[in-house]
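As the structure is a prediction and not an experimental result, all values here were calculated from the model.
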Amino acid sequence: MLPHHEGKGVLQVVAIARTAGPWRFGSWPARAAIAALTAGACTVAGCAPQPVRPAPTAEAVDAARLERLTYGLNSSSIAEYRRLGSRAFLEAQLAARPPPLPATVQAEIDALEIAHADPVALLAEVNAENKRINALSDGTDKERARKALNDRANRLAYEAARRELLRAVYSPAQLREQLAWFWLNHFSVFQYKANVRWLVADYDEHAIRPHVLGRFRDLVMATLRHPAMLQYLDNAQNAAGHINENYARELMELHTLGVDGGYQQQDVQALAHILTGVGINVGEAPKLRRDWQPLYKRDGAFEFNPARHDFSTKQLLGATITGRGFHEVEEAVDLLVRQPACARFVSRRLAQYFVADNPPPALVDRMAATFASTDGDIAAVVRTMLVAPEFDATRGTKFKDPMHYVVSAVRLAYDGRVILNTHPIVNWLNALGEPLYGRQTPDGYPLGEAGWASSGQISRRFEIAKTIASGSGALFDPEDGSHPATGGFPQLASRIYYDTFEPRLSATTRDALERATSQVEWNTFLLASPEFNYR
């Protein structure tokens, strides 16, 4: 029997839920808190009339499956799912060429500076400006110059987050968008390290996105060659005679093999020596002796400088790698990604994100077998996962991380209406502890419920749900300060709700919704419900 908290306010009830510990699917705080939110409100104010239920649609939608293939339900994704059917919808989501964004969204993205910025020019500019500022005498002018440079870097990083969020909310290629977030997190960089803020937009656009459904080896190489990764994990300082093992260690432990991947410290050391000379240059090419000149490589800000490379013979994972320049790096990456440990590690990480915190071993085995037989074809591995019976068997039990929760709430609440201001979403993600490009350690954000289901997290999610539900989040206030668009709160008691959400709600959640005293309160309870927090 549920506890009765007649007359308790929202914050009091959230405090009660906190004392019960983290939400667990089916637990009292997960299923009772929203019912308690209104226990007594209706007796005082009288419940608002419930919306008229629309007639059911002829075509059934497997909403729980669709929610996992997308960032959350909206009218366009439901219509496309109905048009194509489950399997054809999945194949469309796995297609190599994604469909375009809505024209208004694409126009917003095209107007961003990052859409046209050259990372080489940006790095050259920041290097020159830092040199100029360092030459100034200490005082107001120096402080103002540093602030201006810092503000510009923050603006560019915000634009990267804005573009990421607009794509997540509005792209028809929803599976691709989830994978873009997954791989950004897997190959995580921290925007406040060195000059990474100037580079995160290009890192996302050119190192991650072209490869999210391609070959894993190509994704590893693209991140390895990008200046954001080379700055973040210090390989730009890794040179013969001055070995830095940071990137070599994380390349094995976090990116390819996993902590239990069967490598030893001597393998980390060998890989660090192989990676010497892999760095960054936005200035003039170095003057090299004649026999090194053919080995020099330059692509944008990426540089392989043979004068900084250790040409000795190395032993990596039992293989002999002879010193011959950047080809050693390519051989080492080939060796890493073709290890059985890599197939299992990457497959398990994907299954943790999409299926379950502790994914079924048999599913991981099949995914790893696909990885090995296709030479790391990510689309094939994801397909193996999404058509598996384990994927369907665990629907509705995967807790949404903050990114998934916030994006799914905006997709449902505004259903294709294009937001003009992404600052509120960025702030919500910051409050929930998952800011874009904000993970300081290279392990990425947690993929499991334990990382996100604390009582404080649930309390903050409720406040965000209330803000979205009331239309008071300033999402439609233009960022340039011009007159905001017509406001109003969303109407979530829609056909989407009756066709897809209501059949899956528990009796407790239904009861809470029936007790709502207004449409805004009803919206809040739906977005804060346990069912909405899981996918």
Check whether any side-chain heavy atom of [X] sits under 4.5 Å from a side-chain heavy atom of [Y], and report yes or no.
X	Y	answer
L94	L213	yes
Q178	H404	yes
P402	Q457	yes
V220	V337	yes
D401	Y445	no
R65	D392	yes
F489	N523	yes
F371	T384	no

Quiz item: Could you walk me through whether Y353 and N185 pass the side chain to side chain contact (heavy atoms under 4.5 Å, CB included) check?
Solution: CA-CA 11 Å; Y353 180 75; N185 192 52; over 6 Å; no
Practice problem: Let me see the working for W522 and Y497 under ring pair (Phe, Tyr, Trp, His ring centres under 6.0 Å), right down to the final yes or no. | Solution: CA-CA 12 Å; W522 192 96; Y497 166 73; 4.8 Å; yes
Quiz item: Looking at R348, E390, M385, which one forms a side-chain contact (heavy atoms from CB on, under 4.5 Å) with P359?
Solution: R348
Practice problem: Going by the side-chain contact (heavy atoms from CB on, under 4.5 Å) test, name the single residue among V200, I208, L436 that passes it with L184. | Solution: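 In the set V200, I208, L436, the residue that makes a side-chain contact (heavy atoms from CB on, under 4.5 Å) with L184 is I208.
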[X] versus [Y], closest heavy-atom pair with distance:
X	Y	value
E205	R167	OE1-NH1, 2.8 Å
A153	W198	CB-NE1, 3.3 Å
R163	A115	NH1-CA, 4.3 Å
A157	Q191	CB-OE1, 3.0 Å
I468	A409	CD1-CB, 3.8 Å
P446	W452	O-NE1, 3.0 Å

Rounded to the nearest 0.5 Å, how far does [atom2] of [Y] lie from [atom1] of [X]?
X	Y	atom1	atom2	value
L175	Y71	CG	OH	10.5 Å
N427	T467	CG	OG1	11.0 Å
L73	F501	CG	CZ	5.0 Å
T223	Y232	OG1	OH	13.0 Å
L432	E463	CG	CD	11.0 Å
T422	E108	OG1	CD	8.0 Å

Quiz item: Do the rings of F216 and H186 sit parallel, tilted or perpendicular, given the 30° and 60° boundaries?
Solution: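 Perpendicular, since the angle between the ring planes exceeds 60°.
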Self-check item: Plane angle bin for F182 and F354 - parallel if under 30°, tilted between 30 and 60°, otherwise perpendicular
Solution: tilted
Return yes if a side-chain donor-acceptor contact under 3.5 Å exists between [X] and [Y], otherwise no.
X	Y	result
S75	R411	no
S459	R461	no
S506	T509	yes
H116	D110	no
S77	N74	yes

Centroid separation [X] to [Y] less than 6.0 Å:
X	Y	result
Y192	Y437	no
F302	H226	no
H423	Y158	yes

Judged by atom type as modelled, is there a donor-acceptor pair below 3.5 Å linking the side chain of [X] to the main-chain atoms of [Y]?
X	Y	value
R197	L156	no
Y170	I419	yes
S470	K466	yes
Q352	L447	no
E449	A356	no
K400	R535	no
R68	F391	yes
R395	A64	no
S529	F532	yes
E434	M403	yes

Review item, side-chain donor-acceptor pairs of residues 375-382, under 3.5 Å, at least two apart:
residue, atom, partner, partner atom, Å
D375, OD1, R338, NE, 3.4
D375, OD2, R215, NH2, 2.6
D377, OD1, A379, N, 3.0
D377, OD1, A380, N, 3.1

Quiz item: Could you go step by step and tell me if R439 and T441 meet the side-chain hydrogen bond (donor to acceptor under 3.5 Å, both in side chains) rule?
Solution: CA-CA 6 Å; R439 180 72 168 182; T441 53; 3.3 Å; yes
Quiz item: Yes or no on side chain to side chain contact (heavy atoms under 4.5 Å, CB included) for R87 and V387, after CA distance, side-chain angles and deciding distance?
Solution: CA-CA 8 Å; R87 188 57 187 260; V387 302; 3.8 Å; yes
What I want to find out is whether [X] reaches [Y] closely enough, with some N-O distance under 4.0 Å, to be called a salt bridge.
X	Y	result
R83	E80	yes
R510	E514	no
D151	R155	no

Practice problem: Would you check, one step at a time, whether the test side chain to side chain contact (heavy atoms under 4.5 Å, CB included) holds for R82 with I78? | Solution: CA-CA 6 Å; R82 284 180 172 144; I78 292 171; 3.5 Å; yes
Quiz item: With a cut-off of under 6.0 Å to the ring centre and 45° to the axis, is R417 in cation-pi contact with F476?
Solution: yes
Exercise. Take L254 and F187 through the test side chain to side chain contact (heavy atoms under 4.5 Å, CB included) and record every step on the way to the result.
Key: CA-CA 8 Å; L254 300 177; F187 297 97; over 6 Å; no
Quiz item: Can you check salt bridge (Lys or Arg N to Asp or Glu O under 4.0 Å) on E67 and K398, steps first, answer last?
Solution: CA-CA 11 Å; E67 273 199 296; K398 181 65 183 164; over 6 Å; no
